[in-house]
Amino acid sequence: MKKLIRSSVAGLTAYTPGEQPRVAGLVKLNTNENPYPPSPAVTQVLRDFAAESLRLYPDPMCNALRGRIAELAGCAREQVFVGNGSDEVLRLAMRAFTQPGGTVAAFEPTYSLYPVLAAADELKYRTVPLPEDFSWVMPPADLDAGLFCLANPNAPTGVFYPLESIRGFCRAFAGVVLIDEAYVDFAGGRDCLELAKTLPNVLVCRTLSKSYSLAGLRLGWAIGSPELIGALYKLKDSYNVDGLAQAVALAALGDVGWMQTNARRIVATRERVAAKLAERGFRVTPSAANFLWVLPPAGMPAADLFAQLREKKFLVRYFPGPRTGDFLRITVGSDEQMDALLAAI
Ligand SMILES: *Cc1c(COP(=O)(O)O)cnc(C)c1O
């Protein structure tokens, strides 16, 4: 009988997103969303938005947004790609920067979407194991891959890798390095933008989902050489970012100060909670993101703690597996949410 589904798709394991509970009353600390609302400029745009304008297709190139992002990044508009969430940027990069049957590489552990996207495009996925403390390791010089996905700060560990280490790797690596900066606004002003603006094989991607409190909007972007950016534009859906999202994103990026204030609050909460958990015997990985990667004290297995917190209506993230199964990833919420979590623990 003819197979209805392509074999590689039939064999695919889909990405497992964090639970999005549809019931009220849960303290949601599992998908790194922002506890604070988006800028009032966003609310204003939504109020004033003319439904009439949806009659027409949106700008396929997102030119107004590209201009604003280029202004913020200090680069040319041709160096900016705007996507339907940075997940779209990642998906397109898989195809744009590998040959058929080629290889994508990444550290282990890292963002668990990368291997899923590679498998969807029938690409091999090669991992470079991180050391026990999840700090930087130089990938091997003979690494043969078209694309290296490098989350910085890394997920789910929160570790920030030094710019000079990443620069050294980007210079040595023959393929494209995609530096995924989904959490960079919580990293105290450090980033790798300079590498995307100066090296021909480096892309940086960012998102409104975390620091800008707009995970529901689906808006991300990449910055790099016009050549790499042009390749992404060739592959995208014709109208990949809807008109409403373009308008809202422009408003959000017009109020960077609002985002920075929220990011500072989250960083202050993060440091306070990290110290409290350490006092209670948790091993807390130093975090440059809006979450904490913690090893619970002996006698308190992560899987059990996860289940017990779930019963008490606290949702955190547990990733089974040899490198991650002893840890929990806890999103930094508001101070009230985190105090309640500490009490529950
Ligand atoms: C959340 C996250 C993203 C996804 O961002 P979207 O713009 O919401 O698609 C990308 N990379 C990492 C590492 C993330 O944690």
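As the structure lists them, so they are numbered: ligands from 1, and atoms in each ligand from 1. Numbers for residues simply follow the sequence, beginning at 1.
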(request) Just need the protein heavy atom nearest to atom 11 (N) of ligand 1, so name the residue and atom and give the distance. (result) D180 OD2, 2.6 Å
(request) Could you tell me the residue and atom name of the protein heavy atom closest to atom 5 (O) of ligand 1, and the distance to it rounded to 0.1 Å? (result) S86 OG, 2.9 Å
(request) Rounded to the nearest 0.5 Å, what's the gap from CG on L203 to CG on L90? Could you check? (result) 10.0 Å
(message) Quick check with a 6.0 Å cut-off and a 45 degree axis cone: is R270 positioned over the face of F186's six-membered ring?
(response) no
(request) Return yes if some donor-acceptor pair links the side-chain N/O of N34 with the main-chain N/O of S211 below 3.5 Å, else return no. (result) yes
(message) If only side-chain N and O atoms count, and only distance matters, is there a donor-acceptor pair under 3.5 Å linking N240 with E88?
(response) yes
(message) Test your reading of the model: is there a side-chain donor-acceptor pair from S86 to the backbone of V89, 3.5 Å cut-off?
(response) no
(request) Could you tell me whether ligand 1 has any atom less than 4.0 Å away from a heavy atom of G85? (result) yes
(request) Compute the shortest N/O to N/O distance between Y114 and ligand 1 and return yes if it is under 3.5 Å, no if not. (result) no
(request) Could you tell me which atoms of ligand 1, counted from 1 in the order shown, lie closer than 4.0 angstrom to a heavy atom of S209? (result) 6 (P), 7 (O), 8 (O)
(request) Name the closest protein heavy atom to atom 14 (C) of ligand 1, giving the residue it belongs to and the distance to 0.1 Å. (result) K210 NZ, 3.1 Å
(request) Determine whether any heavy atom of R218 lies closer than 4.0 Å to an atom of ligand 1. (result) yes
(request) Can you pull out the closest protein heavy atom to atom 4 (C) of ligand 1? Residue, atom name and distance to 0.1 Å, please. (result) D87 OD1, 3.2 Å
(message) Nearest 0.5 Å, please: how far is CZ in F291 from CZ in R317?
(response) 11.0 Å
(request) To the nearest 0.5 angstrom, please state how far the CZ atom of F148 sits from the CZ atom of F107. (result) 4.0 Å
(request) Look at atom 15 (O) of ligand 1 and say which protein heavy atom is nearest, naming residue and atom and giving the distance to 0.1 Å. (result) Y183 OH, 2.5 Å
